[in-house]
Amino acid sequence: MLRKRNFVLESLRGIVSASSKSSLFCSTSVQPARLSWEASSQVILKKKLETALKHHRVDDAWDVFKDYKRLYGFPDSSIMNRFVTVLSYSSDPAWLCKADDLSRLALKQNSGLVNSDALTKLLLSLARAQMSESACNILRTMLEKGFVVTSDVLRLVVMHLVKTEVGTCLASNYLVQFCNRFMELKRNSNVVKPDTVVFNLVLGSCVRFGFSLKGQELIELMAKVDVVADAHSIVIMSCVYEMNGMRDELKKIKEGIGRVPSQLLCHYRRLYDNLLSLEFKFDDVCSAGRVVLDICKEKDLSSVQNLEKVMVLPVGSHHIKSGLRIRISPELLQRDSSLGVDSEATFVSYADSKLGFTNKTLAKLVYGYKRRENLPELSKLLFSVGGSKLCADVIDACVAVGWLEAAHDVLDDMVSSGNPMDLVTYRKVLSGYHKSKMVRNAEVLVRQMTKAGFVTDPSDEIKDCEKNTELRALLVEEINAGEQTKVPSMLYELNSSLYYFCKAKMQGDAVTTYRKIQKMKTISPTVQSFWILVDMYSSLGMYREITVTWGDIKRNVASRDLEVTQDLLEKLVVNFLRGGYFERVMEVISCMKEKGMYNDVATYKNEYLKVHKNLYRTLKAADAVTEAQAQRVEHVKAFRKLVGII
């Protein structure tokens with residue numbers, strides 16, 4: 001009793017002392033609360049805490065709170081909400097971190113101690129401070145407790161999260177968790193689903209930070225939760241498809257949106273750029289030529305369809321009856337819908353409200369058609385999209401790199417089509433023949449010139465003005481690059497087949513295609529190959545087969561034929577957790593640490609608790625019957641320690 005009375009006296013002295021100090025520094029003095037000596041220490045501490053919070057003295061409030069909690073547990077919800085809110089106003093990351101720990105600990109004990117408003121304020125403060133892990137922890141806590149995060153708040157939080165690579169990883173994993181919860185509960189309650197803007201923010205950051213495999217997962221998730229893709233979504237999706245080599249998917253989008261209105265041409269330039277990039281990766285120059293022709297025809301808007309209508313496109317092959325469908329609204333541009341992806345385009349230009357093609361595109365087309373000895377098609381394309389001037393530029397570039405006969409062929413094609421070139425272009429080819437001492441070719445060309453009514457003197461100086469010198473340089477680059485491509489075009493074709501078989505769950509055909517890739521000496525599986533295969537096995541619950549695939553991945557990494565990505569390794573961790581392969585779990589996590597990759601332990605923890613909540617909780621290695629079981633117990637314990645499960 002004496003100890004308790006002394007504690008009360010000390011507490012009162014603290015109140016008086018604090019109030020006295022406050023009066024020294026504040027224009028308005030604060031009178032200490034008049035409490036009777038018989039008041040309990042709980043009331044005194046509560047009053048001290050309220051006073052400290054009222055005047056935003058977070059250090060004093062924290063000290064008093066620790067005493068209160070040690071003696072009486074958490075204070076009531078009104079004080080807790082005020083405490084969390086005051087801590088949220090701090091610009092000091094240490095106080096924000098304490099607020100995060102405090103709120104989650106309080107909610108773990110009693111879900112009514114901290115309300116949604118206080119958590120939302122804390123969430124926004126953490127996001128602005130770029131404390132991504134803490135912000136995402138609050139998001140996940142609110143999701144688990146059933147607190148509603150409004151669309152505006154979620155957009156703002158995600159916008160801050162995706163500014164960094166780690167934040168992007170966390171935001172994408174949270175979005176997956178959010179959508180899974182929505183699909184679980186949508187039949188039983190009015191659960192708010194994530195909107196298009198949130199998806200665009202996360203998808204755009206996946207593109208910027210190179211998480212193309214995670215981006216593909218999110219696109220499929222959009223289809224599953226029936227989120228409409230707007231114009232921003234469509235362009236970002238095209239970036240994901242380009243990064244993953246998924247030409248068929250990108251072609252479906254282009255066909256789906258049809259002709260683009262003039263006011264949206266600049267926006268969709270990146271989509272056409274990505275499509276051309278894939279055509280060149282697939283080494284399909286004829287298809288690339290058709291895309292260029294389409295681009296140049298976009299200025300003809302007489303047959304524009306109504307893009308305001310929402311359309312439905314298949315995700316994966318349209319031949320798969322059980323395949324996903326995504327709704328798109330190509331003309332819908334929402335404000336703040338995306339932080340944007342790199343707007344620089346390599347193959348498509350935009351000027352005077354029209355799309356065009358760059359010299360890089362032209363160089364690739366010339367090189368591709370020449371390599372296939374299909375110059376007549378090149379000549380037709382050149383005249384269709386650029387007239388005689390473009391043909392003259394290409395002839396000049398061919399002469400500059402020594403392709404004299406190719407230049408002559410284009411000249412002949414233009415004559416045959418009734419569109420002969422001017423004298424300057426003829427003389428350029430003729431000069432090239434003379435310099436290369438190709439006398440017979442020169443004589444043939446002179447006869448053609450005479451027949452066309454041109455009089456020429458071989459001694460005349462050939463002026464080199466107003467020629468496309470950039471095209472010449474780019475054509476030289478293409479020739480020097482030759483066949484040295486990072487990924488052979490055949491592998492893109494095989495991956496496309498693998499993707500179709502896996503989405504159709506045609507396991508036998510998928511494995512056959514994968515083995516075909518493995519057996520080829522000139523190519524090796526890519527991260528996309530392994531992702532597609534793992535995704536199929538995961539959908540079928542065939543986790544043992546994923547361990548075999550992991551062995552293939554390690555062999556390819558060891559032979560330096562493969563550079564693994566964070567999203568691929570993270571997918572392996574999640575699937576090994578589902579299958580209970582904890583040795584493999586720790587192995588992949590260790591691999592990620594060695595490569596400096598971020599491990600989202602909160603995602604791992606959630607996955608573990610869904611499937612193995614009480615696995616080996618009390619069993620010790622000494623209790624195991626076999627050596628294998630003992631090792632498994634140790635791996636489970638190591639994982640539980642890593643993710644903070646006691």
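These numbers were taken from a predicted model, which means no experiment stands behind them.
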*asked:* Show, in sequence, the C-alpha distance, side-chain angles and deciding distance for Leu382 and Leu362, and conclude whether the side chain to side chain contact (heavy atoms under 4.5 Å, CB included) test is met.
replied: CA-CA 9 Å; Leu382 294 175; Leu362 188 55; 3.5 Å; yes

Between [Y] and [X], is there a salt bridge with N-O shorter than 4.0 Å?
| X | Y | answer |
| --- | --- | --- |
| Glu279 | Arg290 | no |
| Glu478 | Lys360 | yes |
| Lys251 | Asp248 | no |
| Arg325 | Asp226 | no |
| Asp283 | Arg372 | yes |
| Lys364 | Asp284 | no |

My understanding is that only residues two or more places apart in sequence, or in another chain, count here; which of them pass side chain to side chain contact (heavy atoms under 4.5 Å, CB included) with [X]?
| X | answer |
| --- | --- |
| Arg560 | none |
| Thr547 | Arg544, Phe576, Tyr581, Arg584 |
| Thr549 | Phe530, Leu533, Val534, Tyr537, Ile553 |
| Glu583 | His635 |

_Lys281 charged N/C atom sitting above Tyr492 aromatic ring, 6.0 Å / 45°_ = no

*Without swapping roles, check the side chain of Asp552 against the backbone of Arg555 for a donor-acceptor pair under 3.5 Å.*
no

*Using modelled atom types only, decide if a donor and an acceptor are shared between the side chain of Arg208 and the backbone of Lys163 within a distance under 3.5 Å.*
no

*Taking only residues two or more places apart in sequence, or in another chain, which ones meet Lys610 in a salt bridge (charged side-chain N to carboxylate O under 4.0 Å, His left out)?*
Glu607

*asked:* List the residues meeting salt bridge (charged side-chain N to carboxylate O under 4.0 Å, His left out) with Arg128, not counting sequence neighbours, and say none if there are none.
replied: none

Donor-acceptor pair between [X] and [Y] side chains, under 3.5 angstrom:
| X | Y | value |
| --- | --- | --- |
| Thr565 | Asp567 | yes |
| Gln528 | Asn495 | no |
| Ser233 | Asp230 | yes |
| Arg140 | Thr603 | yes |

*Chi angles and distances behind the side chain to side chain contact (heavy atoms under 4.5 Å, CB included) call for Leu203, Met222*: CA-CA 11 Å; Leu203 274 171; Met222 284 184 78; 3.8 Å; yes

Nearest 0.5 Å please: distance from the [atom1] atom of [X] over to the [atom2] atom of [Y].
| X | Y | atom1 | atom2 | result |
| --- | --- | --- | --- | --- |
| Cys206 | Leu175 | SG | CG | 9.0 Å |
| Tyr174 | Ile138 | OH | CD1 | 11.5 Å |
| Tyr272 | Lys254 | OH | NZ | 5.0 Å |
| Lys516 | Leu494 | NZ | CG | 5.5 Å |
| Leu154 | Leu139 | CG | CG | 6.5 Å |
| Cys169 | Gln566 | SG | CD | 4.5 Å |

Heavy-atom closest pair, residues [X] and [Y]:
| X | Y | value |
| --- | --- | --- |
| Ser349 | Phe357 | OG-N, 3.5 Å |
| Ser538 | Ile546 | N-CD1, 4.0 Å |
| Val348 | Leu276 | CG2-CD1, 3.9 Å |
| Ser529 | Leu491 | OG-CD1, 4.5 Å |
| Thr346 | Asp273 | N-OD1, 2.9 Å |
| Ile253 | Leu271 | CG2-CD1, 3.7 Å |

*Is it true that atom NZ of Lys380 has more than 12 heavy atoms of other residues, nucleotides or ligands lying nearer than 6.0 Å?*
no

_Name the residue from Thr168, Asp600, Asn606 that meets the side chain to side chain donor-acceptor pair (under 3.5 Å) definition with Asn173._
Asp600

*Should the pair Tyr608 and Phe582 be assigned to parallel (<30°), tilted (30 to 60°) or perpendicular (>60°) ring geometry?*
perpendicular

*Apply side chain to side chain contact (heavy atoms under 4.5 Å, CB included) to the pair Val310 and Ile328, showing each step before the final yes or no.*
CA-CA 6 Å; Val310 175; Ile328 65 169; over 6 Å; no

*Show your reasoning for whether side chain to side chain contact (heavy atoms under 4.5 Å, CB included) applies to Tyr241 and Leu275.*
CA-CA 9 Å; Tyr241 288 147; Leu275 182 54; over 6 Å; no

